[in-house]
Amino acid sequence: MNSIAIIGSGPAGCYLADHLLRLLPDAAIDVLEKLPVPFGLIRYGVAPDHQSTKAVSRVFDRVLARDQVSFFGNVEVGRDVRLDELMSLYDAVVLATGAARDRRLGIPGEYLPGVVGSGAFVGWYNGHPHAQAVGVDDVRSAVIIGNGNVAIDVARILAKGPEEFAGSDVAGEFMAWLVAQPLETIHVVGRRGAAEAKFVDHELAELGTLQRARPVVSDPVGLTGDTPVVKTLRSFAESTPRDTPVTINFHFNLTPTAFVGDGKLQEVQFRSASGESVILPAQMAVTCIGYEALPCCSALPANGIFANQDGKVDERLYVVGWAKRGPTGTIPTNRVEAQQLAQRIAQETQSGDRPGGAGLRKLLQERNVRWVDYAGWQRIHAAELARTGAGRGREKLSSAEAMLETALGPEGQST
Ligand code: NAP
């Protein structure tokens, strides 16, 4: 029997477990997760008002529920168990750790209060237990840097009024902050032209349907090209202006050069394609320029990913998802990639009679690590649903400690 450890329970890890089970029905697959709860980007990255995208977690839940799969939540590789220990316990180990760190622009003022990376901001509005509040108030103008789908998510979440979050699992603390901001203007700024924007056009078009805000193109004459995104932007520019409290202004061909402020952000400076300086006043800026992988114990990423050849890092060590290819593609991209890697692992993995999960449990018990198994996750899941009010999505537990107590009881005993 093969024993395989997958580090990370986001979409890449869960799709991989699913495909491995199809190819190796007798394998024992252990999914390790540093948070007490599974599903990574689905739970804490996908926008809270896009519940249909989040619904894939039901598929992943069924994978974790399978007899051959064991979930080890609250187990951090590098803190609770070393990677070399996992390599000796399992026949194969897979890094499915995602890309958890915000890329930086590397321009002056990036650490001013009011400037935040999209990973941190998205984690906050999704109720991530380690997320911190943005720390600024009286936000009238917000600048969003980047022309990808995360920039669209952030713009939409900032632009919505409270009633537009019906059915979402947006974090209560974030909502309390949002409704208190006198927000009037959201600037979405790309360093290249509209035709090069990485928006998915239907995500962009959704901004035209909001109640509290309307999209505006600051230079419609500059909208060249015929891509679906350019056509959508043109439709924004040509539509009859609605009277809304908030506008979402699209700017193109502006390269950010500095965040400026006295103790907190006051303006963002850009350079236009013709070399002119452009200044946008803002009390808050969110950089939506991509992510990079964090080290996983002794495995160190280079250029934001773990170096690999078609998913293979080393003998018996593999990588999948954003940790493999960088932060690109949509959720289904992971399904296709996981299928390919599962085939490779199934071909290459030989049973080495390694102890697998039994060995991991023993080691965690010796170290007094409190881990959350699938039954513990189900207790958290039930508690969150029980807390959820009418017209709301899941009311997530807000701290890792609360999750552990719910999963394990006051004694904190793992099974
Ligand atoms: P992305 O699509 O790669 O967009 C990143 C943006 O940041 C690009 O416009 C890029 O410009 C810009 N950028 C990078 N470095 C910059 C710099 N130094 N200065 C100024 N701008 C810079 O990444 P993302 O928006 O973070 O999304 C990550 C992945 O998740 C994508 O594959 C996305 O499609 C996916 N996603 C999908 C959905 C959905 O389907 N609903 C929602 C959210 C995210 P250049 O193009 O010039 O490099």
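Whatever order the structure lists them in is the order used to number ligands and atoms, beginning at 1.
Of all the atoms in ligand 1, the ones that sit under 4.0 Å from a non-hydrogen atom of Asp153 are 42 (C), 43 (C). Taking every non-hydrogen atom of Lys198 and a distance limit under 4.0 Å, the qualifying atoms of ligand 1 come out as 1 (P), 2 (O), 3 (O), 4 (O), 46 (O), 48 (O). Close approach to Tyr291 involves these atoms of ligand 1, each under 4.0 Å from a residue heavy atom: 26 (O). Within ligand 1, counting atoms from 1 as listed, the ones closer than 4.0 Å to a heavy atom of Gly148 are 2 (O), 4 (O), 9 (O), 25 (O).
Side chains of Tyr374 and Asp61: a donor-acceptor N/O pair is present below 3.5 angstrom, by distance only. Checking Asn334 against Arg325 by side-chain atom types alone, a donor-acceptor pair falls below 3.5 Å. A donor-acceptor contact closer than 3.5 angstrom links the side chains of Asn126 and Lys54.
Remark: distances from the non-hydrogen atoms of Cys288 to ligand 1 include one below 4.0 Å.
Annotation: atom 46 (O) of ligand 1 to nearest protein heavy atom, Arg192 NH2, 2.8 Å. For atom 41 (N) of ligand 1, the nearest non-hydrogen atom of the protein is Glu203 OE2, 2.9 Å. Closest to atom 9 (O) of ligand 1 among all protein heavy atoms lies Asn147 N, 2.8 Å. Among all protein heavy atoms, the one lying closest to atom 20 (C) of ligand 1 is Arg191 CD, 3.6 Å. Nearest protein neighbour of atom 35 (C) of ligand 1, counting heavy atoms only, is Gly329 O, 3.5 Å. In this structure, atom 27 (O) of ligand 1 lies nearest to the protein heavy atom Val150 CG2, 3.5 Å. The single protein non-hydrogen atom nearest to atom 29 (C) of ligand 1 is Pro327 O, 3.4 Å, given as residue, atom name and distance. Shortest contact from atom 36 (N) of ligand 1 to any protein heavy atom: Asn149 CB, 3.7 Å.
A salt bridge does not link Arg387 with Glu384: none of the charged nitrogens is closer than 4.0 Å to a carboxylate oxygen. A salt bridge does not link Asp169 with Arg392: none of the charged nitrogens is closer than 4.0 Å to a carboxylate oxygen. A salt bridge links Glu348 to Lys312: one of the charged nitrogens lies within less than 4.0 Å of a carboxylate oxygen.
Within the 4.0 Å cut-off (strictly below), no protein heavy atom is located near atom 23 (O) of ligand 1.
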Side chains of residues 217-225: which donor-acceptor partners sit under 3.5 Å, not counting sequence neighbours?
from, atom 1, to, atom 2, distance (Å)
Ser218, OG, Phe250, O, 2.8
Ser218, OG, His251, ND1, 3.3
Asp219, OD1, Gly222, N, 3.4

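Here the CD atom belonging to Glu196 is positioned 10.0 Å from the CZ atom belonging to Phe252, to the nearest 0.5 angstrom.
In Thr330, the part holding a heavy atom less than 4.0 Å from any atom of ligand 1 is the side chain. In Thr255, neither the side chain nor the backbone holds a heavy atom less than 4.0 Å from any atom of ligand 1.
By the 3.5 Å distance cut-off applied to N or O atoms, Val200 is not counted among the residues near ligand 1. For ligand 1, the polar-atom distance check finds no N/O of Trp322 at less than 3.5 Å from any of the ligand's N/O atoms. Every N/O-N/O distance between Thr328 and ligand 1 stays at or above 3.5 Å.
The aromatic rings of Tyr44 and His128 sit tilted relative to each other, their planes meeting at an angle between 30° and 60°. Aromatic ring pairs are classed by plane angle as parallel below 30°, tilted from 30° to 60° and perpendicular above 60°; the pair Phe39 and Phe60 is tilted.
Residues Leu294 and Pro301 form no side-chain contact, since every pair of their non-hydrogen atoms from C-beta on lies 4.5 Å or further apart.
Checking Ile145, Ile289, Thr287 one by one against Pro256, the side-chain contact (heavy atoms from CB on, under 4.5 Å) holds for a single residue, Ile145.
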